[in-house]
Amino acid sequence: MTETVEAPVGGGACEAAPIRESDGAGLSEQSEGAQETERPCAPAHSVLWTLFLCGLVPTGGKPVVLMIPEMVERRRWLTSQQFSEAIAFGYALPGPVLISTVVYLASLLPTRLPMLLCLTVFLLPGAVMLLGMAAFFLDSGRPWWVDGAVRGLGPAAVGMLVSSTWSVFPTALSARLGLATAALAFSGVALFKLELHFVLVPLALLSLFLNRPKEVLA
Amino acid sequence: MDWPLLQLALLFGRLSLIGFGGNDAILAEMQRQTVEAGWMTSVRFTEAYALSRVAPGPGGLLPIMVGYQAAGLAGAVVAILSYLGPTIALAGACARYLRESRDQRWPKAIRVAVTPISVGLLVAAIYVLATLVIRDTAGAAIAVGTVLVMLTGRVPVAAVPLAAAAVGVLFL
């Protein structure tokens, strides 16, 4: 991340992602008559370079730790509220959370770059690296030291999963019947070895019903 | 059925559409299907998962490794496109809707609703993987050490699996 800080420069206002005065006021709050202010486009090369770097630096599968300081704090392309919204959006949709998050972020970035281009630039370094790793580490004719390395990596992978689970556990407890729902999901998949969709669909519908927005509840 | 590319497309397309809570939440299901299809052993799958954490970028690129083992380069491409394609299409459509409506109630409600399920699935993944790879005191020590180091938050995340790999080379 050695590039100098660049303020978004001219070239006309972006149609995408106007800044609203309500941004930063909370997820569900939206002040009436929130005024939109136009902001100029960020240079395309800066956006692509930043995404490329965020996809290039190993972060244990969590490049958000780079994206927030770079996009929110340093370049100010997004507000922290918008970033939080993007992460909530990622969790609300099926599939890899970070992919949905980046798709949403790309729609908020002050640039006219196509979302698919942003995503490709972001994913390319990791994809190429993993392909190389697959060819080198997973082939049967690998060198002796690779066997030792992967024997160490296996338990570490378990530890990283425990750590990920620990970080989202409080949110699970905040849901209605959250602990019971988690226990049912675990039992269905790990103990009874049911197909995932047989576990997921009924539990998701039940949990969504229990945790529906208050306006719908009323 | 012996068409690995089609099998990969169907498997990862389905996982993409039902995988609430991210890549890790469907890890146990991905491992089961991958082993049943004969593309990888359970241990090799766990190794692939750990390697995917060392690589740069998001953790959701694991299908590249499964696809490569199943059908080479074409398998890797088919697996990752099948996995990311539905997510990108759905996220693109929903992002457009949300930007226009600014209604954040349902995304917030859905997040709260699916998180307990994600936690249950994550614990399932931990259970399945732990029974495969933690077979002695050294393995348990690496796992516990990883948890402790990760929870302190003072060490770069990518350094953790690299350190574990170094311990494996030197002592296991």
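Computed from a predicted model, the values in this text were never measured in an experiment.
- Looking at Ile134(B), only its side chain comes within 4.5 Å of chain A, counting heavy atoms on both sides.
- Only the side chain of Arg14(B) comes within contact range of chain A, with at least one heavy atom under 4.5 Å from a heavy atom of that chain.
- Of the listed residues (Leu27(B), Leu15(B), Ile64(B), Asn23(B)), the one with the most heavy-atom contacts under 4.5 Å to chain A is Ile64(B).
- Ala127(A) touches chain B through backbone and side chain together, each having a heavy atom under 4.5 Å away.
- Interface residue Leu119(A): only side-chain heavy atoms are found under 4.5 Å from chain B.
- Interface remark: Met115(A) contributes side-chain atoms only to the contact with chain B (heavy atom separation under 4.5 Å).
- With respect to Arg32(B) and Glu195(A), a salt bridge is recorded, a charged nitrogen being found less than 4.0 Å from a carboxylate O.
- The candidate from Gly120(B), Gly168(B), Ala125(B), Gly139(B) with the greatest count of non-hydrogen atom pairs under 4.5 Å with chain A is Gly120(B).
- Heavy-atom distances place no part of Leu51(A) under 4.5 Å from chain B, backbone and side chain included.
- Formation of a donor-acceptor pair under 3.5 Å by the Arg96(B) side chain with backbone atoms of Ala93(B) is not found in this model.
- No other option in Gly132(A), Ala175(A), Ala182(A), Ala190(A) has as many heavy-atom pairs under 4.5 Å with chain B as Ala182(A).
- Only the side chain of Leu116(A) has a heavy atom closer than 4.5 Å to any heavy atom of chain B.
- Ranked by heavy-atom pairs under 4.5 Å with chain A, the list Leu84(B), Val43(B), Leu17(B), Thr115(B) is led by Thr115(B).
- Both the backbone and the side chain of Ala135(A) come within less than 4.5 Å of a heavy atom of chain B.
- Proximity to chain B (any heavy atom under 4.5 Å) is shown, for Trp145(A), by both the backbone and the side chain.
- Heavy atoms closer than 4.5 Å to chain A are found in the side chain of Leu73(B), but not in its backbone.
- Heavy-atom distances place both the backbone and the side chain of Leu131(A) under 4.5 Å from chain B.
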